[in-house]
Amino acid sequence: MAEKELRRNMAVLPIGTVRKLTDLTDRQIRYYEAQGLITPARTASNQRMYSLNDIDRLLEIKDYLLVGDSIANIKRIYAKQAQHESDNISAHQARQALQSEFLNLVGFKVNQNRKGL
DNA sequence: CTTCTTACA
DNA sequence: TGTAAGAA
């Protein structure tokens, strides 16, 4: 389930492809980046490389703009979204820590004493 | 040929 | 946002 996200985040598309896929101009795509709405990767030759998630975000941005939302507003939306993301990660880490403690308490040895299985 | 940056009659 | 110029 995490491998799929990893692939979605792989930057493999040049701006030309993104332009065709989103119907946005290069100018707009670069402008939104300048505004911090997207952060495409860069190749060794400084070429921007976009991921499938970048495409989705650009399409989303286009919709927000169409409905009349401002760049500043969209920026805040993604800022809070990132906040919730990190909150979820913390919750996940907390759960793992608790499970780890639990296993030790009960006496299980993960990755140890596997011969009996 | 495609993309990058910078600048503006 | 568009577009031109020069470099990469």
Side-chain angles (χ1 to χ4, degrees):
Chain A
M1 190 67 115
E3 298 301 308
K4 193 174 66 177
E5 255 308 291
L6 199 159
R7 269 188 287 275
R8 279 195 141 308
N9 281 313
M10 294 201 297
V12 295
L13 313 171
I15 198 168
T17 303
V18 178
R19 185 191 338 98
K20 293 174 183 172
L21 257 36
T22 63
D23 279 303
L24 290 169
T25 64
D26 309 22
R27 186 79 167 87
Q28 293 175 303
I29 298 171
R30 297 192 182 109
Y31 178 66
Y32 300 153
E33 173 186 359
Q35 299 310 303
L37 298 181
I38 53 175
T39 52
R42 292 290 186 131
T43 65
S45 54
N46 199 42
Q47 304 276 102
R48 274 171 260 253
M49 291 301 273
Y50 303 80
S51 69
L52 295 177
N53 281 330
D54 289 328
I55 300 295
D56 288 339
R57 170 160 292 198
L58 283 171
L59 257 22
E60 241 180 74
I61 293 172
K62 195 170 70 165
D63 289 338
Y64 280 132
L65 257 28
L66 238 56
V67 182
D69 284 355
S70 68
I71 296 287
N73 243 290
I74 301 173
K75 200 171 176 180
R76 290 166 193 149
I77 293 175
Y78 288 137
K80 292 201 170 185
Q81 207 171 81
Q83 263 300 306
H84 298 170
E85 295 283 330
S86 61
D87 286 347
N88 287 328
I89 291 178
S90 295
H92 178 258
Q93 295 178 326
R95 259 180 279 123
Q96 289 209 315
L98 285 176
Q99 176 177 31
S100 197
E101 279 187 41
F102 173 73
L103 291 177
N104 282 327
L105 275 175
V106 181
F108 276 109
K109 304 295 184 184
V110 182
N111 297 321
Q112 193 177 314
N113 299 325
R114 296 300 229 167
K115 298 163 190 168
L117 300 179

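Below, each value reflects all heavy atoms present in this structure, side chains not excepted, and no hydrogens, waters or symmetry copies. We name chains A, B, ... by the order of the sequence lines, and we start the count at 1 in each one.
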Asker: Which heavy atom of R19(A) sits nearest a heavy atom of T25(A), and at what distance?
Answerer: CG-CA, 4.4 Å
Asker: Do L65(A) and I74(A) come close enough that some side-chain heavy atom pair is under 4.5 Å?
Answerer: yes
Asker: For nucleotides 1-3 of chain C, which of its nitrogen or oxygen atoms have a protein nitrogen or oxygen under 3.5 Å away, and what is each distance?
Answerer:
{"from": "dT1(C)", "atom 1": "OP2", "to": "Q28(A)", "atom 2": "NE2", "distance (Å)": "2.0"}
{"from": "dT1(C)", "atom 1": "OP2", "to": "Y32(A)", "atom 2": "OH", "distance (Å)": "2.9"}
{"from": "dT1(C)", "atom 1": "O5'", "to": "Q28(A)", "atom 2": "NE2", "distance (Å)": "3.2"}
{"from": "dG2(C)", "atom 1": "OP2", "to": "T25(A)", "atom 2": "OG1", "distance (Å)": "3.0"}
{"from": "dG2(C)", "atom 1": "N7", "to": "R27(A)", "atom 2": "NE", "distance (Å)": "2.9"}
{"from": "dG2(C)", "atom 1": "O6", "to": "R27(A)", "atom 2": "NH2", "distance (Å)": "2.9"}
{"from": "dT3(C)", "atom 1": "O4", "to": "R27(A)", "atom 2": "NE", "distance (Å)": "3.2"}

Asker: Within the side chain of D54(A), is there an N or O that forms a donor-acceptor pair under 3.5 Å with the backbone of S51(A)?
Answerer: yes
Asker: Once you round it to whole Å, what is the distance between C1' of dT2(B) and CZ of R30(A)?
Answerer: 10 Å
Asker: Can you tell me how far apart CD1 (I61(A)) and CG (L24(A)) are? Round to the nearest 0.5 Å.
Answerer: 8.5 Å
Asker: Round to the nearest Å and state the distance from I29(A) atom CD1 to dC4(B) atom P.
Answerer: 9 Å
Asker: Passes side-chain contact (heavy atoms from CB on, under 4.5 Å), D23(A) versus K62(A)? Steps please.
Answerer: CA-CA 9 Å; D23(A) 279 303; K62(A) 195 170 70 165; 3.9 Å; yes
Asker: So how far is it from L52(A) CG to N9(A) CG, rounded to the nearest 0.5 Å?
Answerer: 9.0 Å
Asker: So what is the 5' to 3' dot-bracket string for DNA chain C, if pairs are Watson-Crick or G-U wobble with both distances under 3.5 Å, crossing pairs use [ ] and | means the partner sits on another strand?
Answerer: .|||||||
Asker: Do M49(A) and R42(A) pass the side-chain contact (heavy atoms from CB on, under 4.5 Å) test, and can you show the C-alpha distance, the side-chain angles, and the key distance before you say yes or no?
Answerer: CA-CA 6 Å; M49(A) 291 301 273; R42(A) 292 290 186 131; over 6 Å; no
Asker: Can you tell me how far CG of D69(A) sits from CG of D63(A), rounded to the nearest 0.5 angstrom?
Answerer: 10.5 Å
Asker: Does one side chain, of S90(A) or D87(A), offer a donor that lies under 3.5 Å from an acceptor on the other?
Answerer: no
Asker: Rounded to the Å, how far apart are D26(A) CG and dC4(B) C1'?
Answerer: 10 Å
Asker: Give the intermediate values and the outcome of side-chain contact (heavy atoms from CB on, under 4.5 Å) for residues L58(A) and Y32(A).
Answerer: CA-CA 8 Å; L58(A) 283 171; Y32(A) 300 153; 4.0 Å; yes
Asker: With a 4.0 Å limit, can you tell me whether R48(A) has a side-chain N or O closer than that to the phosphate oxygens OP1/OP2 of dC4(B)?
Answerer: yes
Asker: Using the 3.5 Å cut-off, write out each protein N or O paired with an N or O of nucleotides 4-7 of chain C and the distance between them.
Answerer:
none

